[in-house]
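Okay, structure first, notes after.
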2 protein chains.
Amino acid sequence: MAYPLRLDAAAIAAAARELVRAGGRQALSLRPLAASLGVRAPSLYRYYPDRESLEGAVAELAAAELADRMEGKRKGRRGGAALKAIAGEYLAYSREEPALFAMLLAAQPGPESKRLWNLLLAALEPVTGRADDTAAAVALWSFLHGFATLEAAGQFGASGPRGGYERGLSALLAGLRL
Amino acid sequence: MAYPLRLDAAAIAAAARELVRAGGRQALSLRPLAASLGVRAPSLYRYYPDRESLEGAVAELAAAELADRMEGKRKGRRGGAALKAIAGEYLAYSREEPALFAMLLAAQPGPESKRLWNLLLAALEPVTGRADDTAAAVALWSFLHGFATLEAAGQFGASGPRGGYERGLSALLAGLRL
DNA sequence: GTCTATAGTGGGATAGAC
DNA sequence: GTCTATCCCACTATAGAC
């Protein structure tokens, strides 16, 4: 056996996650990634056919991490408090891991994205009084994602969002109850 | 005069806009851009020091176009109808020009971004009853931008947003009135 | 002062040896 | 399964023509 097995898909994805976390999406390049794993770039193609599939794997890791964090915050809370807690965690993740957060939309939704979706739906049910209220989940997710994205892009300027998050979240939840 | 002036910053930006429009942000590369203007790539550096500044110029063009469209829709309408019209136009722009829409966040906000902001604030005033209601504008913009972004990224899946836009917009406006 | 030509760097991807 | 070697393409920088 000339070349012993040194790689596996999960280890590559984890190393890719670190590159993105530290330097953003553009920092995910094959040569540095391979170097961080002690191999040469072409070896990676045995596990991921192209760079795009690597991005998808990083997106899945990020979605899983976010879903874990949100689920952790939900525990021990109910109703509106639970909903605000997971919403706040969505925003906290976008602030603490902006590069990984941005990767969430870089790939087509995978299984972990479904978990995020189900978390939102479950948390909304006691607030709107309806099970599987897809429209409400779309609305809440849109608000959360938009706020996080605009804030990360610096679009709120020097004056900041000026309480727009709290005001919008309260208004949206109140309106969804109607 | 050996080399007559063939370029100017506005013409370069307009050609760059076309490249982005047709092929997305990655399609904005210097050689094709220069070729579309009948010059060689290095000539562009006299007007834009790097690719990033070109992206900023394209973002400004996109913001101006979007603001024009929103202002056009606002005319002849008042109150909630005017607000829903400009919100709908924001969404329509993201659907018709997805690549240019994505460029809006690629650069730091410029003067045209301020115009968009002021449009939102003015349209919100008769709805919330408050002048310069920054928090309300942040909330509405977040919802609009998030919905447009998630939809463009295919995050709503095959079933689509299921009325989440209409539901969220109505709920948010109702809640902001309180 | 503006443009051309070219060299240098680095990324993605593939072929074929081991 | 991993390697070397290589191709193609992109952005940067600079020397020099006009």
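The sequence lines fix the lettering, A, B, ..., with proteins before strands; numbering per chain opens at 1.
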**Study point:** For A/S170, side chain to side chain contact (heavy atoms under 4.5 Å, CB included) partners two or more places apart
**Key:** A/K84
Review point. So which pairs with a foot in residues 92-123 of chain A pass ring-ring contact (aromatic ring centres under 6.0 Å, His included), sequence neighbours left out?
Key: A/Y90-A/F101, A/F101-A/H145, A/W117-A/W141
Exercise for review: Would you list the pairs meeting ring-ring contact (aromatic ring centres under 6.0 Å, His included) in which at least one residue belongs to residues 32-85 of chain A, sequence neighbours left out?
Suggested key: none
**Study point:** Listed once per pair and sorted, the salt bridge (charged side-chain N to carboxylate O under 4.0 Å, His left out) pairs that draw on residues 155-172 of chain A, sequence neighbours left out
**Key:** A/R167-B/D133
Practice item. Specify the residues of residues 22-53 of chain A, ordered by number, for which at least one heavy atom lies under 4.0 angstrom from an atom of DNA chain D. Key: A/V39, A/R40, A/P42, A/S43, A/R46, A/Y47
Please set out all donor-acceptor pairs under 3.5 angstrom arising from side-chain atoms of residues 26-39 of chain A, sequence neighbours excluded.
unit_1	atom_1	unit_2	atom_2	d
A/S36	OG	A/L33	O	2.8

Study note, to complete from the structure: To the nearest angstrom, the CG-C1' distance between A/L54 and C/dA13 comes to 13 Å
